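Here the structure comes first, spelled out in structure tokens, and everything after it is commentary.
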Amino acid sequence: MTPSNRTTILELAPIGDLGLLFCCLGLSYITAVHQRPFDVFNSLETHYPIQVFAATLVLALGWHVVLRSNGFYRSRRLAGSVREALDVCTASSLCAVLSCIWLWLIASRSMRNTIDLAVVAALFGIMSFAAFLTTRLVGSRDDAGVSSAWA
């Protein structure tokens, strides 16, 4: 892999992680809401689309700050895998808390069931932890293959 390709991939990693978080949030919402799959879109209708869009941008920014502050984009070659797993768990938990707050803010008054929001946030935390751990393991395996191939 050329240095320019590696730099491009490293610059796109935060965008990919945010996309992964939004996918996990959508899957956890679909899983926790007890409606038919196509009726889920009706439950997302809002009378305040601009405010929801602004809150979603703030959520994405909050997730980015959480991931960057937990060292997601620093080199992990010297750190152990246990430390990396703990960092992923911490970041996933904080992202789940931010998601719960976001869901509470954008939900209509009739849909503000605290238990449902907590279930969605817990499912999101579990899914994002599994997804991040998988991507980190695949990434570390690829790095080992690349470094051993060039050694």
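These figures come from a predicted structure and were not determined experimentally. The analysis underlying the following values was restricted to heavy atoms, covering all of them including side chains, and did not include hydrogens, waters or symmetry mates.
Cluster membership check: Leu94 does not share its hydrophobic cluster with Val65, using side-chain heavy-atom separations under 4.5 Å among Ile, Leu, Val, Met, Phe, Trp and Tyr. Under the 4.5 Å side-chain heavy-atom criterion for grouping Ile, Leu, Val, Met, Phe, Trp and Tyr, Phe22 is not connected to Leu61 through any hydrophobic cluster. No path of Ile, Leu, Val, Met, Phe, Trp and Tyr side chains, each step under 4.5 Å between heavy atoms, connects Ile126 with Val66, placing them in separate hydrophobic clusters. No chain of hydrophobic side-chain contacts below 4.5 Å, direct or via other Ile, Leu, Val, Met, Phe, Trp or Tyr residues, connects Val58 to Leu98. Residues Leu105 and Leu25 are members of one and the same hydrophobic cluster, defined by side-chain heavy-atom contacts under 4.5 angstrom among Ile, Leu, Val, Met, Phe, Trp and Tyr.
Partners of Ala55 under the side-chain contact (heavy atoms from CB on, under 4.5 Å) rule, at least two apart in sequence or in another chain, are Trp102, Ile106. Remark: Leu27 engages Met127 in a side-chain contact (heavy atoms from CB on, under 4.5 Å) (not counting sequence neighbours). Scored by the side-chain contact (heavy atoms from CB on, under 4.5 Å) test, Val119 finds Ala32, Ile115, Leu123 as partners (sequence neighbours excluded). Residues that satisfy the side-chain contact (heavy atoms from CB on, under 4.5 Å) test with Leu133, not counting sequence neighbours, are Ala85, Val88, Phe129.
Minimum heavy-atom separation, Leu67 to Cys95: CD2-SG, 4.4 Å. Residue Ala121 comes nearest to Cys100 through the heavy atom pair CB-CB, 3.7 Å, listed as atom of the first residue, atom of the second, then distance. Contact detail for Ser92 and Gly125: the closest heavy-atom pair is CB-O, 3.9 Å.
With side-chain heavy atoms closer than 4.5 Å counting as contact, directly or through intermediates, the hydrophobic cluster containing Leu57 also holds Phe53.
Identified under the salt bridge (charged side-chain N to carboxylate O under 4.0 Å, His left out) test for residues 92-104, with sequence neighbours left out: none. Listed by first then second residue, pairs satisfying salt bridge (charged side-chain N to carboxylate O under 4.0 Å, His left out) with a partner in residues 58-67 number zero, not counting sequence neighbours. Legend: salt bridge (charged side-chain N to carboxylate O under 4.0 Å, His left out) pairs involving residues 51-62, not counting sequence neighbours: none detected. Legend: salt bridge (charged side-chain N to carboxylate O under 4.0 Å, His left out) pairs involving residues 23-34, not counting sequence neighbours: none detected.
Side-chain atoms of Phe124 and Leu103, non-hydrogen and from C-beta on, never get closer than 4.5 Å to each other.
Note that OH of Tyr29 is 9.0 Å distant from CG of Asp116, once rounded to the nearest 0.5 Å. Here the straight-line distance linking atom CG of Asp87 with atom OG of Ser69 works out to 9.5 Å at 0.5 Å rounding.
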